[in-house]
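Keep in mind that what you see is a predicted model, and the values were worked out from it rather than measured.
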Amino acid sequence: MEPEKEINQYRSEIDLIDQEIMQLLCKRFKVVSKIAKTKKNLGIDIEDVAREEDVLANWRKETKNDLDDDFLEQFKTLILKQSKKIQRI
């Protein structure tokens, strides 16, 4: 296979993966909205440091160290920042 054609094939595969990631993020944030409503009804604080650490630990376990720890930390920060923003709406 020609190198350019091979690269384009890989890029198409990445595009499909990116679509899946975006769909899963949208699904995740819809669940976050449900959690926000429940927390509000129960008077529970948005911040949950123990849960945040559990999320990171779960991701580390799931990725089996295939992803750089700094990346996971930054990703966690970004995801949780958006989650908290949704919960404050």
Query raised in the report: Do other residues, nucleotides or ligands put more than 12 heavy atoms under 6.0 Å from the CG atom of N58?
Result: yes
Query raised in the report: M22 and I17: same hydrophobic cluster, using ILVMFWY side-chain contacts below 4.5 Å?
Result: yes
**Report entry** Within 6.0 Å of CD in E6, more than 12 heavy atoms from elsewhere
**Finding:** yes
Report task. Could you check if a side-chain atom of W59 sits within less than 4.5 angstrom of a side-chain atom of E62, using non-hydrogen atoms only? Result -> no
Query raised in the report: When you measure from the side chain of K39 to the backbone N and O of I44, does any donor-acceptor pair fall under 3.5 Å?
Result: no
Requested in this report: Enter the distance from L78:CG to E73:CD here, rounded to the nearest 0.5 Å.
Outcome: 12.5 Å
Query raised in the report: How long is the gap from CG on D69 to CD on Q74, to the nearest 0.5 Å?
Result: 10.5 Å
Report summary line: What one should report as the nearest heavy-atom pair of E52 and K76 is O-CD, 3.8 Å
Query - Straight-line distance of F75 CZ to L80 CG, nearest 0.5 Å - result: 9.5 Å
**Report entry** Residue pair Q82 / L25, side-chain heavy-atom distance below 4.5 Å
**Finding:** no
**Report entry** Min side-chain heavy-atom separation T38-K34 under 4.5 Å
**Finding:** no
Report task. Please assess R11 against E4 for the test salt bridge (Lys or Arg N to Asp or Glu O under 4.0 Å), listing each intermediate value before the final yes or no. Result -> CA-CA 10 Å; R11 286 180 175 162; E4 192 170 317; over 6 Å; no
Query - Over 12 foreign heavy atoms within 6.0 Å of CZ, R28 - result: yes
Report task. Hey, could you give me the NZ/CG distance between K84 and D48, rounded to the nearest 0.5 Å? Result -> 9.5 Å
Query raised in the report: Transitively linked via ILVMFWY side-chain contacts under 4.5 Å: I21 with V55?
Result: yes
**Report entry** Heavy-atom closest pair, residues S83 and V32
**Finding:** O-CG1, 3.5 Å
Query raised in the report: Are any of the side-chain heavy atoms of E47 and Q87 separated by less than 4.5 Å?
Result: no
Query raised in the report: Do you reckon F71 sits in the same ILVMFWY cluster as L56, going by side-chain contacts under 4.5 Å, direct or chained?
Result: yes
Query - Nearest heavy-atom neighbours spanning F29 and I79 - result: CE2-O, 3.9 Å
Query raised in the report: Could you give the distance from CG (L72) to CG (D66), rounded to the nearest 0.5 Å?
Result: 10.0 Å
